[in-house]
Amino acid sequence: MENGPNTNTDEYLRIYAQMARIRTFEDNANQLYLSAKMPGLTHMYSGQEAVAVGICEALRTTDKVTSTHRGHGHCVAKGANFKEMFCELLGKEEGYCRGKGGSMHIADQSNGNLGANAIVGGSMGIATGAAFSAKLLGTDDVTVCFFGDGATAQGLLYEVMNMAALWKLPVIYACENNGYSEYTKTAEIAAGSITARAEAFGIEAHTVDGQDVLAVNALSERLVARARRGEGPFFIELMTYRYHGHHVGDINREYYRTKDEEKHWRDDRDPITLFARHLMSEGIATAEDLDAIRAGIKDEASAAVAYALAAKYPDVSEVDMHVYAA
Amino acid sequence: MENGPNTNTDEYLRIYAQMARIRTFEDNANQLYLSAKMPGLTHMYSGQEAVAVGICEALRTTDKVTSTHRGHGHCVAKGANFKEMFCELLGKEEGYCRGKGGSMHIADQSNGNLGANAIVGGSMGIATGAAFSAKLLGTDDVTVCFFGDGATAQGLLYEVMNMAALWKLPVIYACENNGYSEYTKTAEIAAGSITARAEAFGIEAHTVDGQDVLAVNALSERLVARARRGEGPFFIELMTYRYHGHHVGDINREYYRTKDEEKHWRDDRDPITLFARHLMSEGIATAEDLDAIRAGIKDEASAAVAYALAAKYPDVSEVDMHVYAA
Amino acid sequence: MREITLSQAVNEALAEEMRRDPTVFIIGEDVAEAGTPFKVLSGLVEEFGTHRVVDTPIAEPGFTGIAVGAAMTGTRPVVDLMFGDFLFLIMDQLCNQAAKTHYMSGGKLNVPLVLRTNLGATRRSAAQHSQSLHALVAHIPGLKVALPSSAYEAKGLMKTAIRDNNPVVIFEDKLMYQEKAPVPEGEFLIPFGVANVLREGHDITLIGTSSMVQVCAKAADILAKDGISAEVIDPRTIVPLDEAALVKSAKKTSRVIVVDEGHQSFGVTSEIASRINEKAFYHLDAPALRMGAMDVPVPFSPALEDITVPTPEGVAEAARKLVRGEMIHAA
Amino acid sequence: MREITLSQAVNEALAEEMRRDPTVFIIGEDVAEAGTPFKVLSGLVEEFGTHRVVDTPIAEPGFTGIAVGAAMTGTRPVVDLMFGDFLFLIMDQLCNQAAKTHYMSGGKLNVPLVLRTNLGATRRSAAQHSQSLHALVAHIPGLKVALPSSAYEAKGLMKTAIRDNNPVVIFEDKLMYQEKAPVPEGEFLIPFGVANVLREGHDITLIGTSSMVQVCAKAADILAKDGISAEVIDPRTIVPLDEAALVKSAKKTSRVIVVDEGHQSFGVTSEIASRINEKAFYHLDAPALRMGAMDVPVPFSPALEDITVPTPEGVAEAARKLVRGEMIHAA
Ligand SMILES: Cc1ncc(C[n+]2csc(CCOP(=O)(O)OP(=O)(O)O)c2C)c(N)n1
Ligand SMILES: Cc1ncc(C[n+]2csc(CCOP(=O)(O)OP(=O)(O)O)c2C)c(N)n1
Ligand SMILES: [Mg+2]
Ligand SMILES: [Mg+2]
């Protein structure tokens with residue numbers, strides 16, 4: 001694994017913890033679904049943790065991200081806490097969005113997360129606009145726009161990349177290529193080359209192993225710093241994999257991908273395992289250290305789930321509140 | 001000038017005549033506007049004739065084209081006649097669209113012209129769909145999608161190019177780069193490279209001098225033949241210029257382009273003059289031959305204008321006809 | 001009669017029409033092997049092949065545009081739009097292009113296209129996957145709009161839509177995909193613009209669309225226990241709208257409630273209520289009452305979502321008040 | 001009072017707000033040097049620079065999306081959409097994103113965005129450049145919709161829109177850009193949701209929106225000659241709608257015509273008529289009459305186009321019949 005600029009032990013352990021937090025969050029969310037305690041469906045981020053964490057560890061709190069339908073990972077990585085997140089997933093008043101958004105619209109304004117989006121590609125304009133604001137207002141905040149390989153089919157991406165390039169906006173387009181959009185392989189829905197598309201608009205584009213959190217983080221640190229200096233926009237394609245189905249209800253997947261393929265990624269390419277191995281082989285942490293981190297996170301998650309299950313729903317009088325801002 | 005595969009005299013003279021027909025049509029249309037005889041505004045094609053004619057001469061009647069707000073040139077080049085065209089521009093019942101479409105929606109189903117479009121980029125899906133039909137129905141028709149440089153900013157282009165490339169559709173995207181979209185230079189609204197954008201989707205792309213009708217035609221013949229054999233899609237960027245304002249009412253243009261620039265294109269780069277010179281220097285036609293062709297066209301145009309001016313408007317009972325097909 | 005689900009009914013309609021007419025094809029996201037997320041199209045790609053059941057990238061404006069062009073040139077596309085909410089992405093292709101082509105060409109070009117999509121909330125899918133946007137489409141001349149309310153209706157209306165020479169938007173109710181209803185074996189079509197009187201009555205007319213037809217039927221059951229006789233009518237298509245049938249019933253019962261799952265304001269209930277008020281005014285005891293969904297984005301929280309949509313109890317309660325002459329507004 | 005054109009009024013409103021608040025910026029096609037094709041923004045780029053008067057590529061979904069994101073992060077974009085017809089291209093960004101963000105975030109994110117666009121036919125611009133699509137936008141909760149009917153209204157409503165913390169869509173009437181009206185020199189705002197009674201009357205109420213306000217005023221002039229006293233009301237904003245003012249007038253005159261340039265079916269006239277019928281039913285001599293534009297794509301031919309839109313004569317004629325009790329429908 002490549003060593004990034006974040007080379008002190010605290011930062012390493014924080015990166016590990018953040019990835020573990022995402023995995024634990026998703027395991028709990030999946031459990032809530034399977035036990036019929038969560039309303040609706042949700043899309044698991046498990047397997048892609050190194051992407052969200054590698055990137056978000058390169059960001060400041062005031063930097064912005066826009067997220068997707070598969071958004072829990074971005075939300076956790078940008079600093080959200082479990083309690084408000086689980087409350088949101090369960091439609092409770094104490095959720096980040098008072099239960100009105102749910103999994104597909106979870107946003108965390110306090111940490112610069114402008115929200116998940118249930119329209120594939122729907123946040124590409126928003127991210128670019130946040131970068132536009134930063135430039136107009138003279139802050140040096142950077143915005144990262146997360147989206148999937150499938151979303152590269154949306155014309156909006158090319159419209160906003162054109163403007164971001166013309167106006168040199170501080171935005172980074174982060175394409176998480178997990179090989180699938182719903183039940184279809186990327187190769188069947190994306191002609192040519194994804195990075196070449198960005199390059200054709202004059203945008204510097206990179207491809208990186210999305211399972212290698214240090215590689216992702218090192219690249220992100222470099223590009224975020226450059227974007228902050230006005231050298232953006234940039235494009236990153238991150239090669240990764242989702243372990244679960246498209247959503248929690250997508251159980252029989254063999255008609256579109258093999259169990260062997262899934263096993264290969266889980267066994268040989270898991271970003272948390274790979275990073276754990278690195279930490280141990282470099283003598284940064286012992287297996288026990290890491291176990292302790294994970295155990296702490298599990299407890300925190302269980303407590304948050306219990307809290308959220310017991311928390312109250314918004315009052316019915318809320319139904320027509322927040323349609324319009326005062 | 002490059003010699004294309006259409007090397008016999010008749011075809012040369014036909015190419016000349018088709019370009020002259022477009023120019024004459026536009027001069028008359030402009031006159032109708034200036035004399036307040038034409039309802040609304042219209043966008044002149046003058047200066048770009050080699051594009052429409054060079055391409056359409058490579059097409060069969062059953063091949064399809066989709067056109068733009070600047071569509072008279074495509075319409076004439078694809079085989080339309082003046083009478084129905086002028087009737088349409090004047091909103092008369094005998095127009096191609098019974099006066100219901102006007103300049104911006106003129107279509108000529110009988111010659112495979114699926115229509116001008118007042119939504120910039122609005123016909124990119126339609127053209128790609130016509131190519132889809134040809135493939136599904138097993139005809140070997142090819143479709144050409146005409147659009148301007150400004151239209152490359154529309155995301156729809158990238159959506160349909162992706163599908164055309166994935167499905168190997170017999171469609172040719174013909175980008176007429178006349179240097180401007182409305183009152184803005186192309187460089188200010190198009191980042192990177194237009195042809196590279198097509199190439200990024202795996203589409204073979206070419207750039208050609210849009211004032212050289214033989215070069216345009218030679219390239220088109222090659223690509224149309226290949227598209228017919230299933231080797232498409234293709235992309236062509238044609239470098240050209242519009243002589244008039246964005247529309248007939250755009251008279252004071254110096255804030256966005258100089259008179260010198262306009263003069264340079266008119267004097268040194270006129271596609272009709274350049275081709276006339278070629279025909280004469282190659283001994284294919286004399287100045288008198290060409291004068292005679294143009295004179296004949298002028299007479300035809302005057303007669304068509306007179307006819308259209310005298311023709312009747314659709315009956316008011318037509319207003320709610322054709323909302324739905326039977 | 002055999003009973004099949006709405007899913008199966010749509011599947012059958014498509015299969016029958018695709019067998020009958022080789023120019024019919026399906027285009028959309030995950031329509032082939034996956035048979036759509038709702039599994040409505042399962043088996044079709046096996047019978048008709050990937051050239052007629054065409055998986056697309058996630059590019060709704062693009063594939064809708066392709067369908068429009070295909071429809072103009074000799075084929076009959078059935079566009080699969082996974083969620084009705086995505087209509088907002090394709091409005092230009094649907095409303096500026098498909099809807100106007102026949103008219104703008106003076107009748108020379110046709111766009112025989114079917115857009116299959118859905119409507120309906122209470123699936124905990126939140127604001128961008130729960131909308132009922134049929135009123136928007138109905139406002140645009142050149143489009144027809146069908147709202148099947150059962151498996152039977154879904155099959156008959158789909159077959160009619162495919163044979164229609166105009167762009168037709170069909171909204172299926174997501175919650176009804178697994179619901180069974182009697183559907184005859186053989187071929188049948190349901191004509192557009194002919195309302196269905198599900199139940200005759202004389203005290204009040206309940207006009208329901210799509211998901212709200214059953215809500216009205218259930219409300220009628222409740223009312224029957226109170227001795228109130230409700231007539232229940234399903235317009236089936238809102239463009240064309242069988243105004244005559246609705247007005248006739250209104251004149252008979254002199255009281256009308258219009259129930260629809262779209263937002264109430266500037267919605268379907270306003271149109272239908274207006275027509276009834278215009279044409280049956282002097283026969284009415286009270287103005288036609290609108291009951292649409294609340295004018296709020298659909299909230300995720302179950303505690304909130306369920307109260308945004310009309311319910312049988314709510315409709316019955318309003319009906320009771322109308323019959324008793326207690327409508328507060330009408331003061 | 002000085003008279004200025006609607007164009008100048010909008011220009012002044014923008015300039016004043018941009019001076020007052022450095023976070024306000026304009027984004028759209030040819031808004032800078034060209035000042036838009038209608039020349040409404042002339043001079044603004046000279047005063048505020050290209051970073052606040054931003055020319056975009058022809059990418060309506062893209063720049064609207066950018067404006068939404070900008071509005072969420074501390075600025076106040078004014079999006080210039082050259083023709084109202086292009087709304088169909090940006091519906092997703094406007095209706096799925098901008099309209100719902102405040103609600104979906106539980107009130108934490110705001111989208112203080114103004115979308116300036118236009119409406120109106122009879123300019124010989126045919127079906128894709130002549131639509132009046134405000135009903136569509138009004139159907140979507142979370143959006144406000146303003147319809148200025150004069151230079152004065154345009155200025156006051158624009159300033160209010162810019163200060164509003166919600167997405168507001170303002171439709172200007174294309175044909176009115178060069179029309180002058182008295183507009184006071186100093187600053188003024190026109191609150192949303194407060195209708196304007198242009199003219200008091202007692203025989204009939206004419207409710208007009210946007211371009212149709214003047215049509216109603218002219219119809220009132222015609223009617224005055226016949227001895228019929230018409231009250232003319234302009235709701236100014238249709239979301240929020242000043243229902244109380246409209247209902248009050250309806251109760252006073254007991255006859256109402258609602259005139260709007262959008263298509264009649266599933267349009268603004270249906271909503272307003274429904275509300276009046278609901279709330280003033282027992283005061284009405286006849287149902288509120290809707291006069292929208294015809295339900296046809298706007299034809300190019302002048303011979304056809306002019307008959308698609310309500311005229312003063314047409315409104316006056318309908319009013320006469322209503323007053324005489326001759327409305328055919330109401331049988
Ligand atoms: C505009 C739109 N089209 C379709 C969908 C349905 N849908 C939800 S997720 C998804 C696949 C997205 O694939 P990708 O962008 O690769 O993200 P991933 O799910 O792999 O993270 C689709 C088609 C949607 N939500 N929005
Ligand atoms: C979707 C859309 N946006 C904006 C316009 C207004 N408009 C008409 S033509 C034009 C410029 C088009 O430029 P280009 O594509 O280069 O074609 P050209 O006019 O140069 O032939 C614009 C912005 C429109 N008609 N449609
Ligand atoms: Mg993916
Ligand atoms: Mg151009």
Chain B shares the most heavy-atom pairs under 4.5 Å, among A:Gly202, A:Ala164, A:Ala190, with A:Ala190
Turns out that what part of B:Ala198 lies under 4.5 Å from chain A's heavy atoms comes down to neither
Closest heavy-atom pair, B:His247 versus B:Tyr183, reported as atoms and distance to 0.1 Å, is NE2-OH, 3.6 Å
The interface call for B:Glu188 against chain A, heavy-atom contacts under 4.5 Å, is backbone
Rounding to 0.5 Å, atoms CD (B:Glu176) and CZ (B:Phe146) come to a distance of 6.0 Å
dist A:Asn162:CG -> A:Trp167:CH2 (nearest 0.5 Å) comes out at 9.0 Å
Looking only at B:Leu157, B:Val160, B:Ile189, B:Thr152, the option with the highest number of non-hydrogen pairs under 4.5 Å against chain A is B:Ile189
Exercise for the section: Could you tell me whether A:Asp149 and A:Lys185 have a side-chain N and a carboxylate O separated by less than 4.0 Å? Expected result: no
